[in-house]
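Okay, so here's the structure we're looking at.
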Amino acid sequence: MNENACADGAFDARSAWQLAPTVSLRSEPFGALAYDFHTRKLSFLKSVQLVGVVEQLAECPSALSAIDRAGVPANEQQRYVSALAALARSNMITPRKPEARTP
């Protein structure tokens with residue numbers, strides 16, 4: 001099973017994600033370029049708000065909470081989940097373990 005997928009093969013937006021360690025974002029007027037220095041793959045993040053979501057991933061317990069924290073309206077959230085799923089399939093974002101919370 002692909003580590004970027006949940007049990008049914010779909011992107012799991014309830015899980016914790018992060019920008020892959022080999023990927024760098026370069027801001028552009030349309031959003032950003034994501035470049036993987038390991039694979040030399042280039043992806044386009046076609047909105048500034050999507051860039052905000054990707055930047056929030058490392059700080060949030062799930063992709064859904066990163067979408068919410070970036071201020072994506074509820075009626076647009078599924079579109080952002082789809083965009084993150086595409087980034088996961090191309091290994092631009094990778095799963096991470098959420099930090100343990102101390103009581």
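Remark: the backbone N or O of C60 is not paired with any side-chain donor or acceptor of W17 at under 3.5 angstrom.
In this structure, CE in M92 is found 10.5 Å from OG in S24, a value given to the nearest 0.5 Å. The CG atom of L50 lies 10.0 Å from the CD atom of E55; values are rounded to the nearest 0.5 Å.
Taking all atoms of both residues into account, the shortest heavy-atom contact from A34 to V23 is CB-CG1, 4.1 Å. Here the shortest heavy-atom pairing between Q56 and A66 reads CB-CB, 3.8 Å. Between V53 and A70, the shortest heavy-atom distance links the atoms CG2-CB, 3.6 Å.
In terms of the side-chain hydrogen bond (donor to acceptor under 3.5 Å, both in side chains) criterion, R40 has no residue partners (sequence neighbours excluded). Qualifying side-chain hydrogen bond (donor to acceptor under 3.5 Å, both in side chains) partners for T22, counting only residues two or more places apart in sequence or in other chains: D36. The side-chain hydrogen bond (donor to acceptor under 3.5 Å, both in side chains) test applied to S65 returns S62, not counting sequence neighbours. Partners of S43 under the side-chain hydrogen bond (donor to acceptor under 3.5 Å, both in side chains) rule, at least two apart in sequence or in another chain, do not exist in this structure.
There is a path of hydrophobic side-chain contacts, each under 4.5 Å, that joins L42 to F30.
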Q.
Test side-chain contact (heavy atoms from CB on, under 4.5 Å) on T94 and Q18; report intermediate values, then the result.
A. CA-CA 5 Å; T94 59; Q18 65 185 359; 3.6 Å; yes
Go through the steps for L64 and V81 under the test side-chain contact (heavy atoms from CB on, under 4.5 Å), then give the verdict. CA-CA 8 Å; L64 289 175; V81 169; 3.9 Å; yes
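Using a 4.5 Å heavy-atom cutoff, the side chains of V54 and L45 are in contact. The side-chain heavy atoms of L84 and L57, taken from C-beta on, include a pair separated by under 4.5 Å. Residues N91 and T39 are not in side-chain contact: their nearest non-hydrogen atoms beyond the backbone lie 4.5 Å or more apart.
Within the structure, ring-ring contact (aromatic ring centres under 6.0 Å, His included) contacts touching residues 32-59 (residues at least two apart or in different chains) are Y35-F37. For the side chain to side chain donor-acceptor pair (under 3.5 Å) condition, the pairs that include at least one residue of residues 72-88, sequence neighbours left out, are Q49-Y80, E76-R79.
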